[in-house]
**Student:** 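The structure is given below, and queries will be raised subsequently.
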Amino acid sequence: MEPSNLSSFLNTKFFETDVLKENVEKTQYDNVKRKTKLYLDSIKKKFLQDTSSSKKTPAINKSLFIQKNALFIHKKSNTPQISRNITTSKWSNTIDTIIFAIFETPNTLSNKIGSCIVNFNTGELIFSEMIDTSIFIRILHKIQVYEPTFIVTPSSSSSPYYSKLITILKNNIPECTKMKHIPNKTFSSEKGFELIKEHTIEKEKFDSLYEEIHEKKYALAAVSGAMWFIMNNFDQKISNSTFAFRYFRIRFENPEDTMLIDSQTIRTLELVENKNEKTGLSLFSFLNSTCTPMGKRLLRNNILQPLTHQKNIMLRLESAFELAKKRDILTDTTKELKTFEDLDKLFSKLLFSNKIRNILSSETLLGITDLVNTYINEDCIWANNSYELQKQKCYAVKSGSNGLLKVSREVYRNILNEILEDIKMLSTKYHHNIAHGYETKRGFFLKIKKPVNSKIIDLPSIFINKSNKKSYIECSTINLLKANARLHEAFNEVLLISEQIIDDLFDKIKNKNISSLFMLAEAIAMLDMLCCFASNTIKYKYCKPVFADFLYVKKSRHPILENHISPFISNDILSIKGSSNFHIITGCNASGKSVYLKQIALLSIMAQIGCLIPATSGTLPIFKKLHARICNDSMEINKSNFAFEMKEIIYYLENISCDSLLIIDELCRGSDINQGLALALSIVEYMLNINST
Ligand SMILES: Nc1ncnc2c1ncn2[C@@H]1O[C@H](COP(=O)(O)OP(=O)(O)OP(=O)(O)O)[C@@H](O)[C@H]1O
């Protein structure tokens, strides 16, 4: 779990409570109960024994998020989005696990699939139902978007032999994703329905959700499979944490609501990852100027699944456009998003979205803010340096009437002063320039500067544990080691008491309507993404597109390359259904054909995520599917063979519809010129009949 991630933070304490008692059979319940007891016992034991401060930090990390008027938001840069590590902490009771349950009936002809993603990072449960393509492109796309740690399928998919879906999955998922097959009977739509009803955090919205989901038997079956897997997971590390969850942010994802981009296209267009260099630019890394992990995640998910509802896209576009026009608001908003010190001030300035404003002024949130302010010191901030961080952790919680906390802090302060005095004394006594450093594990250590032009320095025997660095020697003394141990103990004592106070705070917050906190997290993520779009608009001079049933973009540029090539030549793009929805682009080598093709796809994605586009004006259709086969690497031509290309084309032809955008670079290039031309013509004819773009 990333501590800076608001969503992760919120779910940790609030979701834990009793297990899914009513909905599991007796044996399962006993099993879970036994594990809970074991876990709590181990926590208690560890709690008393553990003197390692590094293991105790998460609690106070959380407390540090709770800043004056900032609720629980906290900044941390470059947070990896989805960590695959399985980590537990006694405070979080959660892990970075993403479970992806898939329900299929392999013996039937239809490729109907139900899926359920349970994301313990964010407390989300997202389920969906779809008719997939013959090579299960939709499900692979979902796997790419959510990057699960476990894929759970019914045993009938793997026995007596692997179904087509499982075979495709096995060849396409990363090694770190584990596949698990669980009994068929655990995939029950009735059970899935009950589980959703029980575990939704937004009970009041269940009736409206009912209409949408009650007939989605495959999706509901996947929900029940996922929950069964969570409750019956015998991997101690995982079960320790996950079963403690009780509520989720439940969402039914309709595949129709997002554009389908196949995984090959995601790679080809370098949407989230650069093909050549891991750290190279992708559309995501180029556009990303978000300040929060929630905003960053939202942006990535949106690039992989752009919207298809015009109204929603327009709302975003208008908001980003409005923000870009009101630069002072944008600057202030971004500044606030970065520091998270005064959310009230921040959101009172936002006039463009009533919804966000309503969420943020909700009385529940104000109540929670008051609570937080009662417990947490207002000037407590995050620190990157470990010594500063320890100090912040030490003084994060308001001591109030807790005499014990005051005393422990006094002890801590005294030892700290003693250490600093001691170092000063050593400096004077031994006539050396002695500075000090601090590391969480080591505590304080000495840094003795080497004389200029000398690599050797003769130190008295009082200095131990010497380690030679470039310009100084790191060492310690027996006294310092002892003082470090005492300081460590005193610090742990402060933490222990602070944690109890924070527990109390959590209990009080738990009684409030916590779904508001999730709405807050989502609102901030959206705000962050819109600010990111607005800053890009200003920085790169983007324009707001409109939507119609034809494509006409004036002076369009490639969003990334225009910043690397000077001068970049802009191009107009025109495509009208029935007359010019099919284009053949020819030109000499290196004339920019591939770049132009990519540009069309990238602009469509940008427009459909609500981001303004690099052009002077733009009208675009809303595409529901995007397939691109771009060859921008000469090596690729040699590697690929005709059969492979044809397989891809067959897939495209099977899947395109009138609202698809299809981009093919060098069609039939692997074949002889006459045969290639004949094939290309028939492919083109087929596409024209379908009326795709
Ligand atoms: N609109 C543009 N303005 C300026 N430079 C461009 C533009 N488009 C492409 N280029 C430059 O031209 C180079 C070649 O572009 P691209 O690979 O798209 O050409 P191509 O026509 O597809 O080539 P080939 O026929 O060899 O596949 C790019 O690397 C880029 O540096």
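Only this structure's heavy atoms are used, side chains among them; waters, hydrogens and symmetry mates stay out. One-based numbering, in listed order, for ligands and for the atoms of each. Just so it is clear, the model here is predicted, and its values are computed rather than measured.
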**Student:** Has ligand 1 got any nitrogen or oxygen that is less than 3.5 angstrom from a nitrogen or oxygen of Tyr596?
**Tutor:** no
**Student:** Quick one: does Ala590 get a heavy atom under 4.0 Å from ligand 1?
**Tutor:** yes
**Student:** Using heavy-atom distances, let me know which of Pro567, Ser570, Gly592 sits nearest atom 4 (C) of ligand 1.
**Tutor:** Pro567
**Student:** Heavy-atom pairs closer than 4.0 Å: do any link ligand 1 to the side chain of Ile565, the backbone, both, or neither?
**Tutor:** side chain
**Student:** Using a 4.0 Å heavy-atom cut-off, which part of Glu666 comes near ligand 1: side chain, backbone, both, or neither?
**Tutor:** side chain
**Student:** What donor-acceptor contacts under 3.5 angstrom involve side-chain atoms of residues 609-627, with partners at least two apart or in another chain?
**Tutor:**
{"from": "Thr616", "atom 1": "OG1", "to": "Lys554", "atom 2": "O", "distance (Å)": "3.1"}
{"from": "Lys625", "atom 1": "NZ", "to": "Asn655", "atom 2": "O", "distance (Å)": "2.6"}
{"from": "His627", "atom 1": "ND1", "to": "Asp262", "atom 2": "OD1", "distance (Å)": "2.7"}

**Student:** In terms of side-chain geometry, is the basic nitrogen of Glu253 or Arg251 positioned less than 4.0 Å from the acidic oxygen of its partner?
**Tutor:** yes
**Student:** Would you check whether Ile569 has a nitrogen or oxygen atom less than 3.5 angstrom from a nitrogen or oxygen atom of ligand 1?
**Tutor:** yes
**Student:** Taking the ring centre of each residue, are Phe127 and Tyr218 less than 6.0 Å apart?
**Tutor:** no
**Student:** Using a strict 4.0 Å cut-off to heavy atoms of Ser591, name the atoms of ligand 1 that fall inside it.
**Tutor:** 19 (O), 20 (P), 21 (O)
**Student:** Under 3.5 Å, is there a donor on one side chain and an acceptor on the other for Glu256 and Thr308?
**Tutor:** no
**Student:** Thinking salt bridges, do Arg138 and Glu129 make one under a 4.0 Å N-O criterion?
**Tutor:** no
**Student:** Can you give each donor-acceptor pair under 3.5 Å made by side-chain atoms of residues 678-685, sequence neighbours left out, with the distance rounded to 0.1 Å?
**Tutor:**
{"from": "Ser682", "atom 1": "OG", "to": "Ala678", "atom 2": "O", "distance (Å)": "3.3"}
{"from": "Ser682", "atom 1": "OG", "to": "Leu679", "atom 2": "O", "distance (Å)": "2.8"}

